[in-house]
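Reviewing the structure listed below.
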Amino acid sequence: MTDLYLTEPDFEAEITILTEEQRGRQAPPHNYIRWDFGYAEDNPLEPERNLDAEIYMIWPNFLDTEGTPIQKGIPLVGTYKAWMHILAREMVCYHRKRISAGLKFNCYEGGQIVARGVVTELRAISPNGN
């Protein structure tokens, strides 16, 4: 099995991790967290999760200011650039039709939104990608 994080990212995003005061996590996450991804436009019930809206396994790999993946174990607080990886490869065509630069999304743990993001660049998912 290929390590997901060693493959070309499907797209890049800027993700803001919500604080406890913003109804986010009580403790900061670390890199390689396996949040669920949901399209913000599919969730009119914010800040709660619309349980009728689909969520997907698209996982972030957070980057430091130099563009290098942040080591696991370092608490993440604030806003970060991230490489995003679609786990279920059979869903790439579906997401390719929906994802574009500027698209807003949410990151979930259970029914709770713990981070918000915006797509900044298409990579492997671009029409010229694989």
Side-chain angles (χ1 to χ4, degrees):
M1 181 174 185
T2 303
D3 182 339
L4 177 70
Y5 296 108
L6 296 178
T7 63
E8 172 73 11
D10 291 298
F11 60 96
E12 291 183 12
E14 183 175 276
I15 298 176
T16 300
I17 298 163
L18 302 180
T19 64
E20 185 174 6
E21 292 77 27
Q22 296 168 313
R23 300 184 69 187
R25 299 180 97 233
Q26 292 180 350
H30 299 138
N31 206 7
Y32 308 108
I33 189 150
R34 296 177 176 183
W35 284 329
D36 291 319
F37 174 102
Y39 292 96
E41 63 193 28
D42 293 350
N43 190 29
L45 301 178
E46 284 198 43
E48 301 303 320
R49 183 176 153 242
N50 175 2
L51 297 177
D52 292 330
E54 295 287 328
I55 56 173
Y56 307 93
M57 293 184 294
I58 302 177
W59 295 342
N61 186 357
F62 292 98
L63 308 174
D64 63 20
T65 56
E66 305 296 319
T68 304
I70 296 172
Q71 293 180 16
K72 191 173 185 175
I74 297 173
L76 302 172
V77 178
T79 301
Y80 294 88
K81 182 176 177 180
W83 290 335
M84 303 297 289
H85 299 270
I86 299 170
L87 181 68
R89 301 311 297 167
E90 66 274 11
M91 295 296 293
V92 168
C93 287
Y94 172 81
H95 293 298
R96 184 176 281 139
K97 293 175 186 174
R98 290 199 69 182
I99 294 175
S100 61
L103 177 91
K104 294 180 180 180
F105 62 90
N106 298 315
C107 299
Y108 296 96
E109 286 183 3
Q112 182 178 1
I113 296 171
V114 294
R116 299 184 191 283
V118 63
V119 175
T120 57
E121 181 183 343
L122 301 182
R123 305 264 310 240
I125 199 172
S126 75
N128 300 329
N130 51 358

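This is a predicted model, so every value here is computed, not measured.
In this structure, Pro60 and Ile15 approach most closely via the heavy-atom pair CB-CD1, 4.0 Å. Between Tyr32 and Ile70, the shortest heavy-atom distance links the atoms CE1-O, 4.0 Å. Contact record, Pro9 with His85: CA-CE1, 3.6 Å, taken as the closest heavy-atom pair. The minimum heavy-atom distance linking Glu8 with Ala124 is given by the pair CG-CB, 3.7 Å.
Distance check: Arg89 CZ to Thr7 OG1 gives 6.5 Å after rounding to the nearest 0.5 Å. Annotation: the span from Glu41 atom CD to Asn106 atom CG amounts to 11.0 Å, rounded to 0.5 Å. Atom-to-atom distance recorded for Phe37:CZ and Leu87:CG is 13.5 Å, nearest 0.5 angstrom. With values rounded to the nearest 0.5 angstrom, Met84 atom CE is found 5.5 Å from Cys107 atom SG.
Using a 4.5 Å cut-off on side-chain heavy atoms (C-beta onward), Ile17 and Val77 make no contact. Residues Glu12 and Arg123 meet the side-chain proximity criterion, which asks for heavy atoms closer than 4.5 Å. Side-chain contact between Ile113 and Tyr108: present, with at least one pair of heavy atoms (C-beta onward) separated by less than 4.5 Å. Contact of the Asp42 side chain with the Glu54 side chain is not registered, since no non-hydrogen atoms from C-beta on lie closer than 4.5 Å. In this structure the side chain of Ile125 reaches within 4.5 angstrom of the side chain of His95, judged on heavy atoms.
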Exercise. Could you go through the side-chain contact (heavy atoms from CB on, under 4.5 Å) check for Leu103 and Arg98 one step at a time?
Key: CA-CA 8 Å; Leu103 177 91; Arg98 290 199 69 182; 5.8 Å; no

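With hydrogens and angles disregarded, a donor-acceptor distance shorter than 3.5 Å links the side chain of Asn31 to the backbone of Phe62. Judged by distance alone, with hydrogens and angles left aside, the side-chain atoms of Glu121 form no donor-acceptor pair with the main-chain N or O of Ala101 at under 3.5 Å. Judged purely by atom type and a 3.5 angstrom limit, Trp59 uses its side chain to pair as donor or acceptor with the backbone of Trp35. Without hydrogens or angle criteria, Glu14 side chain to Thr79 main chain gives no donor-acceptor distance under 3.5 Å.
Under the 4.5 Å side-chain heavy-atom criterion for Ile, Leu, Val, Met, Phe, Trp and Tyr, Leu76 and Val118 are members of distinct hydrophobic clusters. Follow the hydrophobic side-chain contacts under 4.5 Å out from Leu122 and you reach Tyr94 in the same cluster. Both Ile55 and Leu18 sit in one connected hydrophobic cluster of ILVMFWY residues. Membership requires side-chain heavy atoms under 4.5 Å apart, directly or through other members. Under the 4.5 Å side-chain contact rule for hydrophobic residues, Ile99 and Trp83 do not share a cluster. The cluster map of Ile, Leu, Val, Met, Phe, Trp and Tyr, joined by side-chain heavy atoms under 4.5 Å apart, puts Tyr56 and Ile33 in the same cluster.
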